[in-house]
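Step one of this worksheet: look at the structure below.
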Amino acid sequence: MNKSVLSVLAAGALSLVLSGCGESSAPDADAVSVSGSTSVTELMEVLGEHWHKQSKVIVEVQGTGSSAGIHAANQGTSHIGMSSREVAGDELVSGVTTSVLAYDGIAVVVNSSNTIAGLSTAQVAAIYRGEASNWQDVGGEDLPIVLVTRDPASGTRVAFEDIMGLKAEDERGNIVSTIARTAQVAPGNGAVKMTVAQNSHAIGYISLGSVDGSLKSVSIDGIEASMDTIADKSYKIIRPFVLMHAGQEASKNSEAFLTWLLSDEAQNIVSAEGYIPAN
Amino acid sequence: MISPNSRRAVVDRAFHGLFLLCTLISTLTVGMIAIYIFAEGFPALKEVGLLDFVTGTEWVPPVYFGILPMIAGTAFASLGAVAIGVPMGLLTAIFLAEIAPRRLALFLRTAIELLAGIPSVIYGFFGLVVIVPAIEQIFNVPSGSTLLAGIVVLAIMILPTMVTLSETSLRAVPPGYREASLAMGATQVYTIFHVVLPGARSGIMTAVILSVARAVGETMAIIMVMGNAPALAESLLEPARTLTANIALEMAYASGLHSSALYATGVVLLVFIMVLNAAMLYVNRKRGG
C-alpha cells in the first residue's frame, strides 16, 4: 500500500516537473515589451508603471544591455529597444525608428579623500590611456592612479570612449578602445561606485544620477556635472537614452506608449527622476 | 483480483522506469548543455581560429578575441588556491580524523560544513571588505583587487570540499593499520604520514581534483575581488580575469560575434572541467583495480 502511494506521488511530482519545462512565459499579446540598456531600465520601469495606471496596458521591461537592446529592436523580439548611447544608422535594419527619451550625464568620479577638484578632457583621456599613472601628473598628490572601467559593450563605456576620444585606429587598422588593458573592470554602475568609494587612489565614471556622498564627482574643463549644466549642454559628457521602435512588430499599444513617452506628462516624470528631458 | 505477486511486479517495473527516466533526464541535460555551448561558440571559433582564440593575448571586443589572459587567470587563481587550500585542508582533515577528541571534532566539522553552505557572493563581499584592503595595507599596493585576493578567497572556498572528502577517506583506513604501526613502536605522527595517508591516497587525490574543479568554476566571488582586467597579470599583485568572470561580466551586453566568443570561452571552460573529471576517473579506477 505504502509503496504504491509513494510511486503515484513520485510520478505525479515528475510530471509536474516535466510540464513545468514546457510552459514558457508566453508574452501577453496586449503587453508592450521593452528591453535593452540597464541604465535606461530604471527610468523605463517608473514610466511603465505610470502608463499602466492610465491605460491598463502592461509594460514588460528587461535590462539586457544596450547592444542587446539594439539587437532586440532589429530582430523584433521586443517592441521597443533601449540604448544608453548614440545608435549609428548602420546598426539598425530598415523600418526601425529611433527617438530620444532623455539625456543623462556621465560623471567622472574619484574617492572623497582625493584633493583633485577638476580635470580637463585631455587629462581624463591621458589617465584612461594609462599615460598618466600618478595623481601628481594631473595636479594631485603623489599617489598612484587606480583605473576603474566597465565591460566593453556597456553603453556607458561606449559613450564615455566616444566623447573622451578614447578610441583609435591600431596598427592593424581596426578602431579599438584605447583604455588601458590593465584597468580594473567593474560589473555595473554600482560596482564602479563601490570600488571608487573604497579605494583612495581610484577613478571611475558613472551615470550622474548615481553620484552620492560616498564619492566625489570632478568638474570637466572647469564645468561641474549637474542637471543645469547638462540641460544647457555646457557639460560635455552627456549621452542620449535612445528608444528604437521595431517597425514590423509595432502594435497599437507600443505606438501609443511611445507617443506617451514623448509627451509633456512623461517628460516631466523624466525630469523628476533626475534626467534631462529630450526637448 | 490482482495477486500480490503481480502487483509487486508492476510496482517494481514502475520504479525501474522512474529510475531510468531520472537518469536519462540528467544525462540528456549534460549532453544538451555541451551541444548548445559548442553550437553557439562555433561561429567565433571559426572566425577567429581556435589557435588564435586560445593563444591570443588581446581581448578587445568586438575586434580581437584572445583568451590567453583568461586561461592564465583561471590556471593561476586555481593553482594558487590549491597550493594554499589543499595542505591546509588536509592537515585539518588529519586533525579531525586522527587527533581531535570526538566531541571537538564534531563541533569543528559542523563549523567547516557550514562554510560549504555560505553563498559565494558572501565570500566575494568578505573578500572585498576584508581581504582586498588587507592586501593594500600589507603589500602597499594602490589596489588590492588582485590575483592574490582571488587566490585567498578561493583557498577558503575550497576548504570544505578538501576537508570533508579527505576526512572521510582517512576514516576509511582500517584501524588495524594504525594499531600495527603503533604496536611496532612508531609515533602517532609517523603513523599518520607513513601509514594512514598512503592508505587514503586515492580518496585524497579525488578531494584535490574536486577542489580544483570548485576553484575553476567559481565566478561571483572572483568577479568581486580580482579586478577583472583582461590583461596577462605579471605578478600576483596585479588584477586578472578568469574564464568564468569573462562570461559573466560580458554576457548581458554582448551580441553577435562577441556573444559567440563568450560561448567559445565556455567551450574552453568545459574542456578544463572535462580534463579534471577524466583525471578523477583515472584516480578512482586505480583504487578499484
Item checked: A/Asp151 bridged to A/Arg157 by N-O distance under 4.0 Å ->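 The answer is no: the pair does not qualify as a salt bridge.
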Notebook entry, point to check: Would you call A/Arg85-A/Glu91 a salt bridge at under 4.0 Å N-O?
Noted result: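 Salt bridge flag = yes for A/Glu91 with A/Arg85.
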Between [X] and [Y], which heavy-atom pair has the shortest distance, and what is it?
| X | Y | result |
| --- | --- | --- |
| A/Lys216 | A/Thr115 | NZ-C, 4.1 Å |
| B/Ser78 | B/Thr74 | OG-O, 2.7 Å |
| A/Arg239 | A/Ala159 | CB-CB, 3.9 Å |

Check: For chain A, which residues from residues 220-242 of chain B lie under 4.5 Å away (heavy-atom distances)?
Finding: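 B/Ile223, B/Gly227, B/Asn228, B/Ala229, B/Pro230, B/Ala231, B/Pro239, B/Arg241, listed by number.
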Next item on the list: Could you walk me through whether A/Trp135 and A/Asp142 pass side-chain contact (heavy atoms from CB on, under 4.5 Å), step by step?
Entry: CA-CA 6 Å; A/Trp135 285 109; A/Asp142 180 17; over 6 Å; no
Checklist line | Close approach to chain B in residues 169-185 of chain A, criterion heavy atom under 4.5 Å | finding: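 A/Asp170, A/Arg172, A/Asn174, A/Ile175, A/Val176, A/Ser177, A/Arg181, A/Thr182, A/Ala183, A/Gln184, A/Val185, listed by number.
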So, do [X] and [Y] sit near enough that their side-chain heavy atoms are less than 4.5 Å apart?
| X | Y | value |
| --- | --- | --- |
| A/Val109 | A/Lys193 | no |
| B/Trp59 | B/Met70 | yes |
| B/Leu257 | B/Glu47 | yes |

Margin query: Going by side chain to side chain contact (heavy atoms under 4.5 Å, CB included), name the residues that satisfy it together with A/Ala202, two or more places apart in sequence or in a different chain.
Written below: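 Counting only residues at least two positions away or on another chain, A/Ala202 forms a side chain to side chain contact (heavy atoms under 4.5 Å, CB included) with A/Val146, A/Val148, A/Val196, A/Asn199.
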Checklist line | Test side chain to side chain contact (heavy atoms under 4.5 Å, CB included) applied to B/Met251 - qualifying residues, sequence neighbours left out | finding: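 Partners of B/Met251 under the side chain to side chain contact (heavy atoms under 4.5 Å, CB included) test: B/Ile247, B/Ser259, B/Leu262, B/Tyr263.
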Notebook entry, point to check: Contact part of B/Val129 toward chain A, heavy-atom cut-off under 4.5 Å: side chain, backbone, both or neither?
Noted result: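 Contact with chain A involves both backbone and side-chain atoms of B/Val129.
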Item checked: Heavy-atom pair count under 4.5 Å with chain B, highest-scoring of A/Ser67, A/Gly69, A/Gly188, A/Ala68 ->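 Top count of heavy-atom pairs under 4.5 Å with chain B: A/Ser67.
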Checklist line | For chain B, the option from A/Ser37, A/Gly36, A/Pro144 that forms the most heavy-atom pairs under 4.5 Å | finding: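 Winner by heavy-atom pair count: A/Pro144.
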